[in-house]
Amino acid sequence: MSELVEKPEYLDFIREAVAEDLRTGRYKEVRTRFPPEPNGWLHIGHAKALFVDFGVAQDFGGKCNLRMDDTNPEKEDMEYVEAIKRDIKWLGFDWEDRLFFASDYYEKLYELACKLIKKGLAYVDDLDEEQIKEFRGTNVPDKNNITYTPPGRNSPWRDRSPEENLDLFERMRVGEFADGSKTLRAKIDMAHPNLLMRDPVMYRIRRIPHYRTGTKWCIYPMYDFAHPLSDAIEGITHSLCSLEYEIHRPLYEWFIQNCEVFPSRQIEFARLNLSHTVLSKRWLLQLVREKKVKGWDDPRMPTIAGMRRRGYPAAGIRDFLGRIGIAKTDSLVDIQLLEHCIREELNTHANRYMAVINPVKLVIENWPEGKIEWLEAVNNPEDPSAGIRKIPFSSTLYIDRDDFREVPPPKYYRLYPGNQVRLRYGYIVTCTGFEKNPTSGEIEKIRCVYDPNTRGGDAPDNRKVKGTIQWVCAIHAIPIEARLYDHLFEAERPMEVPEGKTFFDNLSDHSLTIESRAVAEPAVVEIEKGQTVQFERIGYFCKDPESTSSLAVFNRTVTLRDTWAKIEKKFQEKPH
RNA sequence: UGGGACGUAGGCAAGCGGUAAGCCUCCGGAUUUUGGUUCCGGCAUGCGCAGGUUCGAAUCCUGCCGUCCCAGCCA
């Protein structure tokens, strides 16, 4: 992956720790893992974890495993496994032949649980869910807060003999007991200040078919038990996870130590938070279920699939991931940084085309009747190897409504009566007038004359023409549908909502604008689905898979930087 | 009145006792057949606050303040 992204000139705290572990001989090599639960699609937050997991392994000559952390039959599905694999591959990470499933370890995990029972470190508990909570001694309200101080109480079943526990656990496995009637718990310390250490549940009884093991098991291991041991089974040296697991680390170490398995080390880092969106499978699932978006791959979603459909290149995403850094500070990354990385990548790789989103007719009065000229246009000024193409020019063109003003605002140097402008790769034209619809008042036609000596846009007399605008020949115009996307949420932090409101209230009402009158130059027919191009002066657009032979649909990936919009806004705020 | 972590610019983030990197944003200016790109320049006498140690502190010590996580038989 070293070729995939530029390395910073310093070591982040994780790499520092790993380097230290190698130096001291704590580990001989580096092995990491990316452990998604197949219960939702991957989002940009997972991409950060992927980048850290695969990146650290790569940097130290190690390997990173892909492991489906599937220990909860209620929510997991093969559909998600496939989606996850596809997205990881697309992002450019390679697990080679190391795809594993926690569900493949059920038997080993069961044996390790028996080992703890034999050592007197685990027991079968008959307490129900409510009682466990009560005995943990945590649910004690104190003024409006919660006090965690009271020590818990031992379960009356805590001192069963290893023989009895072994027998009961075996009978749990074969299905003798009802769902929820018994659990296997680790025997640690019911008075421990860290709640997770108060005899955590290791196994629960759930008669729900698992998407991979079917009905073979009716007991399923909990994360805190399964995770460290799965890591150990795979010989993971560094188990990198997010900050919320910090408090789980003592438990992680307890299981590893007492099961006497490979000593994996857990290191936590801050998960990614991105402005104007939500990064949690739970909330994303809600957006999908409540039909706030069209699906997991809606281009407004921060999912990998959504970004891919939106037109974000994987290289741009990786660049972003490399720039945000790795630390333990809870932070909120500005989505503008992501957009900047996407633009930077696309600027050098996306071919240019001319399109007009909101067309208005431009008639060239002195253009020879019926003449059509094919002009040369550069495909990518940043990349000469991208070549050139031909575009047709005639007496009637379409230009964008925004490129004409009846009365120009300050600093405006596009078309207005009497002003001249360059039609990109075409000719320099001078506006001679315009026509309005008498009833609606809408401008229907703009008139101009062209200078035959300016073919291609060059000014032989060296005159300065400030404005250059894009255009589309009316005769050859290809109708397209442009889907203009904006941030999904208006608020920088969508989850911060006033009492009685939900994050749905923060949804932006202009996150999607469909422009069905848009037109483009004929060459756009060559663009393939999934390909991202630049529509000059507008932005980058990706041809959507929903495109048909009769209508091409383009998703706006990201706009170009718009300095004019800033100038205009400034003058609107305080005109002078 | 518990435990675990974290506080460096508007947003990220280096810095590891020798006098505040870099990136994004923002603001100027140059170049430009995309108001794009590119290029120059500006943006913390200051590192949560208060003391202390030291010739010297963002870095070490003490105390305070603030923020986040922990009450699933979810991961």
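What you are looking at is a predicted structure, and each value in this text was computed from that prediction instead of being measured. Throughout, a chain's letter reflects where its sequence line sits, starting with A, and its residues are numbered from 1.
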May I ask you to say what [X] touches in the nucleic acid, namely base, sugar-phosphate or nothing, with a heavy-atom cut-off under 4.0 Å?
| X | value |
| --- | --- |
| A/Asp224 | nothing |
| A/Pro221 | sugar-phosphate |
| A/Thr71 | sugar-phosphate |
| A/Glu246 | sugar-phosphate |
| A/Pro381 | base |
| A/Leu375 | nothing |
| A/Arg414 | base |
| A/Lys411 | base |
| A/Glu568 | nothing |
| A/Arg323 | sugar-phosphate |
| A/Thr183 | base |
| A/Tyr220 | nothing |
| A/Glu536 | base |
| A/Tyr203 | nothing |

Test ring-ring contact (aromatic ring centres under 6.0 Å, His included) applied to A/Tyr353 and A/Phe535, step by step
CA-CA 5 Å; A/Tyr353 291 89; A/Phe535 286 157; 7.0 Å; no
Can you list the steps and then say if A/Glu246 with A/Lys328 is a salt bridge (Lys or Arg N to Asp or Glu O under 4.0 Å)?
CA-CA 11 Å; A/Glu246 218 152 18; A/Lys328 297 192 73 163; 2.5 Å; yes
Less than 4.0 angstrom from a charged side-chain N to a carboxylate O is my criterion; do [X] and [Y] meet it?
| X | Y | answer |
| --- | --- | --- |
| A/Asp403 | A/Arg414 | yes |
| A/Asp451 | A/Arg463 | yes |
| A/Arg323 | A/Asp319 | yes |

Interatomic distance, A/Leu423 atom CG to A/Met354 atom CE [nearest 0.5 angstrom]
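Rounded to the nearest 0.5 Å, the CG-CE separation comes out at 8.0 Å.
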Between CE of A/Met202 and CG of A/Leu184, what distance do you get to the nearest 0.5 Å?
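Going from the CE atom of A/Met202 to the CG atom of A/Leu184 covers 4.5 Å.
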Residue-phosphate contact under 4.0 Å: [X] side-chain N/O, [N] OP1/OP2:
| X | N | result |
| --- | --- | --- |
| A/Lys566 | B/rC26 | yes |
| A/Arg204 | B/rC74 | yes |
| A/Arg198 | B/rA71 | no |
| A/Arg136 | B/rG2 | no |

Taking atom [atom1] in both [N] and [M], what distance in whole Å separates the two?
| N | M | atom1 | answer |
| --- | --- | --- | --- |
| B/rC64 | B/rC26 | C1' | 35 Å |
| B/rU25 | B/rG63 | P | 43 Å |
| B/rC16 | B/rA20 | P | 13 Å |
| B/rU62 | B/rC6 | P | 15 Å |
| B/rU32 | B/rU67 | C1' | 47 Å |

Is there a residue in residues 270-279 of chain A whose heavy atoms reach under 4.0 Å of RNA chain B, and which residues are they?
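Contacts with RNA chain B under 4.0 Å: none.
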Do side-chain atoms of A/Asp12 reach the backbone of A/Arg15 as a donor and acceptor pair under 3.5 angstrom?
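Checked: pair present.
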If each of A/Thr329 and A/Gln336 is mapped to the nucleotide of RNA chain B with the nearest heavy atom, which maps nearer the 5' terminus, i.e. the 5' end?
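Closer to the 5' end of RNA chain B: A/Thr329.
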A/Asp70 vs A/Lys464, nearer the 5' end of RNA chain B by closest nucleotide
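By nearest-heavy-atom nucleotide position, the 5'-most residue is A/Lys464.
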Stems involving RNA chain B, each a run of at least 3 consecutive Watson-Crick or G-U pairs under 3.5 Å
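Only these stems qualify: B:2-7 with B:65-70, B:10-12 with B:22-24, B:26-30 with B:38-42, B:48-52 with B:60-64.
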So that I know where these two stand, are A/Tyr223 and A/Tyr245 an aromatic pair - ring centroids less than 6.0 Å apart?
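Close enough - the centres of the two rings lie under 6.0 Å apart.
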Test of ring centre spacing under 6.0 Å for A/Phe393 and A/Tyr427:
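Yes; A/Tyr427 has its ring centre under 6.0 Å from that of A/Phe393.
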Test salt bridge (Lys or Arg N to Asp or Glu O under 4.0 Å) on A/Asp179 and A/Arg206; report intermediate values, then the result.
CA-CA 5 Å; A/Asp179 283 15; A/Arg206 279 278 177 289; 5.1 Å; no
I'd like to check, for A/Tyr223, whether its ring lies over the base of B/rA75 with centroids under 5.5 Å apart and a plane angle smaller than 30°.
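Stacking is absent between B/rA75 and A/Tyr223, given that the ring centres and planes do not meet under 5.5 Å and under 30°.
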Taking syn as a glycosidic torsion within 90° of 0 and anything else as anti, which one is B/rG11?
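Base orientation relative to the sugar is anti.
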